[in-house]
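See structure below.
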Amino acid sequence: MTLTLAQTLKKNTHKVIRRCYIKRRLIDGTYESNWQRIDFYRSRDQVIDWGAFSLEIDHNPGDIGTFEISSLQMQFVNTEGYWNVESDSHSIWAPSTTYLNRKLTKLKIESGYLDSSGTEIGVATVFEGVIDKVAMSEEQVASVTVLPYSSVLTHYLITDLALTGSKTVSQVVNAIMNQSKITTFIPYVAASPTNNKTVTDSASLSGNYWTILKQMAQLSNSIPMLVGTVWSFAPRTQTSEIKWSFLGAGTQFPDIFKITKFDDEGAERVRTVFQCDDDSGGKITVTSEDPILVRKYLNDPQQIDLQSIDLSDRLPVLQSYLSYWEKSRPILEFTSKFMVNILSTLDKIRIKSFGRVLPIGGVPRWGDGSAWVDTSIWGRLTGSINILNQSYMVTRVQKDLQNWVFAITAEKIV
Amino acid sequence: MGTNLKFYEDNKLTELCTYGFTSANESVSQFLYDRDPTTKIISVGSDDDTDEVFQVTFPSPVLIDTIFVLGHNIKLGTLRYGTSDDIDFSPILNWSGNATPNTMFSFTPTTVSKLFLRLQDAMIEDAQKFVSNFVATKLIGEVQKNPSKLDFGYKDAKIVGQTYTGGSYTALFGRKASIKASFTDASDTDVSLFRTIHDLGDPVFVQMNGGVNSYTQDGFRTQDIFLMNWVNDFEPKLKSDMIGIGALIDVEMKEV
């Protein structure tokens, strides 16, 4: 019987699949049609270091409506010169009359597992991006920096689109994403923002595509996300389905390796005052109506740039932000198994991890209880971290391909 | 040819060859030479009445004298060359009533442009026919005297972690072989062979069983040919401070 990926992940003994492919640009600027495998090339293993990358929403505290994918740094054996410049006949990019240079070559990584009979399980693309640069070392190693496809969105200016008149957020986002120069990298998916506000004068928008997308996200209380090549521009809300139930200390079959940080209040991210400019030099301000919260988290107003939408739309947007961010949410950081693509940002997860569990009746005796979870005896919880089947939303996932571990950051759903 | 430790050139099958299969998937032709026993080229919709032919065309003619067909289920089949599966090697290479999954063929050195592996019957009647690895190579040399000490083993590339209950977690990425052979009576011919391998700048296949394919011990079976780099220094030393009585030399090799 072939196990599913989820069933495989429940086991503690894994055989790993990691593969790396490239697609070179031809001399006419188009991409070759087939992926070329390069982690095993000319009958040799070529990768020295697979690197790690992360997906993250709310990249900086208070910087709402952002999404970032980090770059990926890989190292390859270059004793044969395969990673050399295209003018070198040994290069994978030779001859230079056929292929363009290394920069903007597509690179993707597939990973998954093998079961005991050699059947592949859950193999999927976990990262896809474009090569930014290749650095050589005396040790005959090529260090390759790979940027996510979101970096392509920084190469073009919104003025390219010559937008005019009023446009809704989704119209602006779709105008950017539904162009062949973008769909070459990121398949088009129509935007579905939380609040589809209207940009009153789209001609006044300035900046590169990625900047505008983040701006549109802020106007509409949404998140622009790119997982692999799957694009979405959607509400910043957790999935309804619980994607994984993590078990930690005090459970019988834990899959949390280590809780690396637990902020049991999440005070740093609380905002009780939001503010934006009106059209007459003044400010529109919304403040939490809960006086205790204001007293607890007295902080500077969070400034939001809403100039591009109609004045009457600005207050509801600020109120929408306030209703979410005035609440404190504990933040948990932990490491676990490499879950391929099962887990991503905005996913809802459950956590069960006990801190210190003591017997209710005082001194325990042999035979009083057989498991930590026997609440009749072992129900008195103390200690730093006691999370009993609570729901969290994933805000950051670091996929460490080299060390084969996920580092997950999640905020409690309140 | 004797039965001592042997070294062979790298596989002539590479990405630069052209592959044609009767029914098997040509897009995964690298499975034939990836040295991975878990991958294989397998026929589609074939049976014992329908031959499956794997054709390999080299970018330029290659000189070979040994072929390994590993991880297969060929009961009846042939291996030929020429332009259209028309020339037999000497001796003729074929299977008839075969029941072993790993085969080594040695033959008179022959220059070939194309190879034709014809799979006629599978070991289980009408089963799909498959081959995991196909190595066409040429012998570099055989030591005149085997090492006096041979340290052979495998090394895993893996992560070993620990869960909250203290249970172990492992993720295995791969396994590679390594050998350390100490020659205490190496002839000048052997030292010359070692120099050739050391200076080659390419990995070589190491065959510890010397072509004796009846061994069943791991490391010495037919399928145990390892593509290896020479990793230690080339340091032939005088034996008992005298010349003309053989040399001391350590050969340390690791699988690529």
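In what follows, every heavy atom counts, from backbone to side chain, and hydrogens, waters and symmetry copies are set aside.
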### Task
Verify ring-ring contact (aromatic ring centres under 6.0 Å, His included) between B/Phe54 and B/Phe134, making sure each step is shown before the conclusion.
CA-CA 10 Å; B/Phe54 295 172; B/Phe134 189 108; 8.3 Å; no
### Task
Applying ring-ring contact (aromatic ring centres under 6.0 Å, His included), run through B/Tyr33 and B/Tyr19 and close with a yes or a no.
CA-CA 12 Å; B/Tyr33 53 87; B/Tyr19 299 88; 5.7 Å; yes
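For the set B/Ala171, B/Pro37, B/Ser27, B/Gly167, the count of heavy-atom pairs under 4.5 angstrom toward chain A peaks at B/Ala171. Contact count versus chain A (heavy atoms, under 4.5 Å) is highest, among B/Thr39, B/Leu227, B/Leu16, for B/Leu16. For chain A, the option among B/Gln30, B/Arg35, B/Gln162 with the highest count of heavy-atom pairs below 4.5 Å is B/Arg35. For the set A/Arg18, A/Lys11, A/Lys337, the entry with the most heavy-atom pairs within less than 4.5 Å of chain B is A/Arg18. The candidate with the highest count of non-hydrogen atom pairs below 4.5 Å against chain A, out of B/Leu13, B/Thr14, B/Ile159, B/Val256, is B/Ile159.
Looking at B/Asn11, there are no atoms closer than 4.5 Å to chain A (heavy atoms on both sides), in backbone or side chain. At a 4.5 Å heavy-atom cutoff, the contact between B/Ser168 and chain A is made by backbone atoms alone. If you measure heavy-atom distances from A/Gln402 to chain B, the contacts under 4.5 Å come from the backbone alone. For a residue to count as touching a neighbouring chain, one of its non-hydrogen atoms must lie under 4.5 Å from one of that chain's; by this rule B/Lys40 does not touch chain A. Contacts of A/Tyr41 with chain B are made by both backbone and side-chain atoms, with heavy-atom separations under 4.5 Å.
Just one of A/Tyr113, A/Phe338, A/Trp404 meets the ring pair (Phe, Tyr, Trp, His ring centres under 6.0 Å) condition when paired with A/His14; it is A/Tyr113.
Counting heavy atoms from C-beta outward, B/Ile64 and B/Phe105 have side chains that stay 4.5 Å or more apart. Counting heavy atoms from C-beta outward, A/Glu80 and A/His90 have side chains that stay 4.5 Å or more apart.
Atom OH of B/Tyr215 has 12 or fewer heavy atoms from other residues, nucleotides or ligands within 6.0 Å.
Side-chain polar atoms of B/Glu9 and B/Thr137 form no donor-acceptor pair below 3.5 angstrom.
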